[in-house]
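Some notes on the structure that comes next.
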Amino acid sequence: MKFLITVAVAALTIMISTTAQAFCGFYVARADTSLFNQASQVVLVRDDDRTVITMANDFQGDVKDFAVVIPVPTFIERGQINVADRALVEHLDAYTAPRLVEYHDPDPCNRYELEEVASMDMAFPRSAQALKASLGRSRGVTIEASYTVGEYDILILSAEESDGLIEWLDENGYNIPRGAEAVVDSYLKQDMRFFVAKVNLEEQSKLGYSYLRPLQVAYESNKFMLPIRLGTLNANGKQELYVYGLTRTGRIETTNYRTVKLPSNTEVPEFVQAEFSNFYRSMFEKQTIKENERGVFLEYAWDMNWCDPCAADPLSADELRKLGVFWVGGGRNDRGVKSGAQDVFVTRLHVRYDKEHFPEDLVFQETGDRQNFQGRYVIRHPFRGELTCDATDYKKAVRQRQEREAETLANLTGWDIDDIRAKIDFIDTSSNVVDEPWWKRIWN
Amino acid sequence: MSIVTKIFATIRDPRWYQVFVLSLLLGFGILVLDFGIHWQNAVAIFTMAQVTQYLASRLIARIPYDPLSALITSYSLTLLLRTDVIGVAMLAAIIAIGSKFLVRVRGKHVFNPANVALVSLMLLSEHAWVSSGQWGSATIGALALACLGMLVLTRARRAETTLAFISAWAVLLFGRALWLGDPLTIPLHQVQNGALLIFAFFMISDPKTTPDAPFGRLFYGALVAAVAYAIQFVLYEPNAPILALIICAPLVPLIDFMLGGRSYRWKRPAKDSAVPVEGVYS
């Protein structure tokens, strides 16, 4: 009956059902508060069976009204949950983001090497926020531990049956996404456990944060996976997820979905610089459709020691340590030798998912592949200064290049080729040399 | 024997159909799915497999050189093995073909060549892995059709292992979903896996390394599925079917001992031919 009421509430308040969605866990709204979870970012640190997961999300809504229920592959206890600085994930995002690089053609009348002038990373607006609820007890649910970490109240639940967990949430006034009971039940049978995090408003105001900081969980389990099923329950539309793998051997990939490299290293028209976000979104959209909306996209795979070009500096040993990379930092490695090079390989995966196309949780494996890959798009500015020689060949070559770039862009994004051509500042191919008799230049 | 009869006699060997289907799969993987197969690795695998086959045929087994089985193994390795080190690719071909000649019980080789190479390199090296998700699920229908077509064309010779494995695997996955209360889209998604198809149709099906008695083959296929299930859903290890096959392979001589049956030969001796049967080592 309780469940039926929940369903009715969810059906009546469409705002909740369309927005109370989340990445690994699900958000449970206490009131009809507008909330839009646009993109979540998960950092997966993994070596052997040890995993540290950091979950950050772009969560817009009133912090006090929400709590988040997070499934973890194994039972966890107090001390395994931590709160991280959001800047860590933002730095990792900036370091691994697809990038646009621009080159300026040199004066064709001089002879210089092509020079890379600048690089820039693209910026997606990100922000975060969240939650709160009240403590309680109910049949079938024991709260194993309840404590405060940073601005969060953490409840570690030992629910033997999903009815207990669902009922407990229900009795405490949370709206449960439709279908959550079945998924929770399935997870419990697979020996997964849950914890609830709520924002402790008092602590939050003391700490002075106006947004939700990422939660971290460290655990040991042979399951190398990310539970996404709860997040898809009543999501109206697709969700965006970025997974950053930090591993020792090589890049990570999904074993139950196809991992595809995003098209990269292509030359695009100059005007893309002004609308790089649009370009990236359209291209990503087109690629997901090409993969039948079931692809996981590789956007970056690199040794953490360097980058070229750098969208942002590599993360420091201290930052990596805070993200849970337990094998770096501390100045010395296992053999007591001061560790120089960081033994960390980063993978950035981008998934757009929904229940229909991603029915199963993401399962990963670490591969031995250390080949570098980055989403890199190139702009070549033609030389537009005054020409002091006959540069007809150069101009023709530029014109051809511009046409090629227009076609590439149309292919990548699905944009109309004529619209693209209209935006391109095509170079004038007419000769800049005054037509004069050939003999005039002989003795000049 | 006329040329036409000769050609027909040649393509009666079911391995030609396998080569045909595997070429389709490889072409599709490279051209459409963009597997990222390094051509150097492919060349290394195909060459080393033939070199090993030739040398072992001449020096160890002292039988005529037959390139066909080594060719099929090369395709399987190229499709499944991923590595960034060309030496690993070469080693894979040597281990695969070498194992046929060196690890033998009662006149049969114990391990499927590609299987033993994949598992030993994955265990020994960080530079070898299998990308089981790379096929996606959109194209699986077409792939399955090609594989089933092959079974029909080869008159389903010794296909019991494949059928038993696929049926048992599907029953286990759907049973698990029912037990967990999961939507059936999940097991449906799990069985739509290209690597699984290659495994079922080209690895576990290998008539040279499966039991000789029909019932033995049914039992063996189901056993591999059960072990694979345990590896995937109890131990949560990737590449479960490939690992399961290597674990179960040593049981084949035992099953043969208990159930008997006639050893498989790729080529039946032609009545008018004096050439002895050579398939035993191929």
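Residue numbers begin at 1 in each chain, while the letters A, B, ... track the order of the sequences.
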Inset, instruction - Tell me, with the steps shown, if B/Gln192 and A/Arg294 meet side-chain contact (heavy atoms from CB on, under 4.5 Å). - result: CA-CA 12 Å; B/Gln192 290 177 351; A/Arg294 288 171 196 273; 5.6 Å; no
Inset, instruction - Measure distances from A/Gln190 to the heavy atoms of chain B and classify the residue's part below 4.5 Å as side chain, backbone, both or neither. - result: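 Contact with chain B involves both backbone and side-chain atoms of A/Gln190.
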Legend entry - Part of A/Thr367 lying under 4.5 Å from any heavy atom of chain B: both
Inset, instruction - Determine the minimum heavy-atom distance between B/Gln134 and A/Arg258, stating which atoms define it. - result: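 Shortest heavy-atom contact: O-NH1, 2.7 Å.
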Legend entry - Over all atoms of both residues, closest heavy-atom pair of A/Ala182 and B/Gly181: CB-O, 4.4 Å
Taking side chain as C-beta onward, heavy atoms only, is [X] less than 4.5 Å from [Y]?
X	Y	value
B/His127	A/Asp369	no
A/Arg229	B/Pro183	yes
B/His189	A/Phe358	no
A/Gln365	B/Glu237	no

Just wondering, more than 12 heavy atoms not from [X] lying within 6.0 Å of its [atom1]?
X	atom1	answer
A/Lys290	NZ	no
B/Glu126	CD	no
A/Lys355	NZ	no
B/Phe174	CZ	yes

Inset, instruction - Classify the side-chain pair B/Ser131/A/Glu253 by whether it contains a donor and acceptor separated by less than 3.5 Å. - result: yes
Legend entry - Result of checking A/Val363, A/Asn256, A/Thr255 against B/Ser132 for side chain to side chain contact (heavy atoms under 4.5 Å, CB included):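 Between B/Ser132 and the candidates, side chain to side chain contact (heavy atoms under 4.5 Å, CB included) is satisfied uniquely by A/Thr255.
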Inset, instruction - Give the member of A/Glu366, A/Glu356, A/Glu360 that has the highest number of heavy-atom pairs under 4.5 Å with chain B. - result: A/Glu360
Legend entry - Results of ring-ring contact (aromatic ring centres under 6.0 Å, His included) for B/Phe111 - residues two or more places apart only: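 With sequence neighbours excluded, B/Phe111 shows a ring-ring contact (aromatic ring centres under 6.0 Å, His included) to no residue whatsoever.
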Inset, instruction - Identify the residues of residues 79-93 of chain B whose heavy atoms come closer than 4.5 Å to a heavy atom of chain A, ordered by number, or report 'none'. - result: B/Asp84
Inset, instruction - Nearest 0.5 Å please: distance from the CG atom of A/Asp49 over to the OH atom of B/Tyr236. - result: 12.5 Å
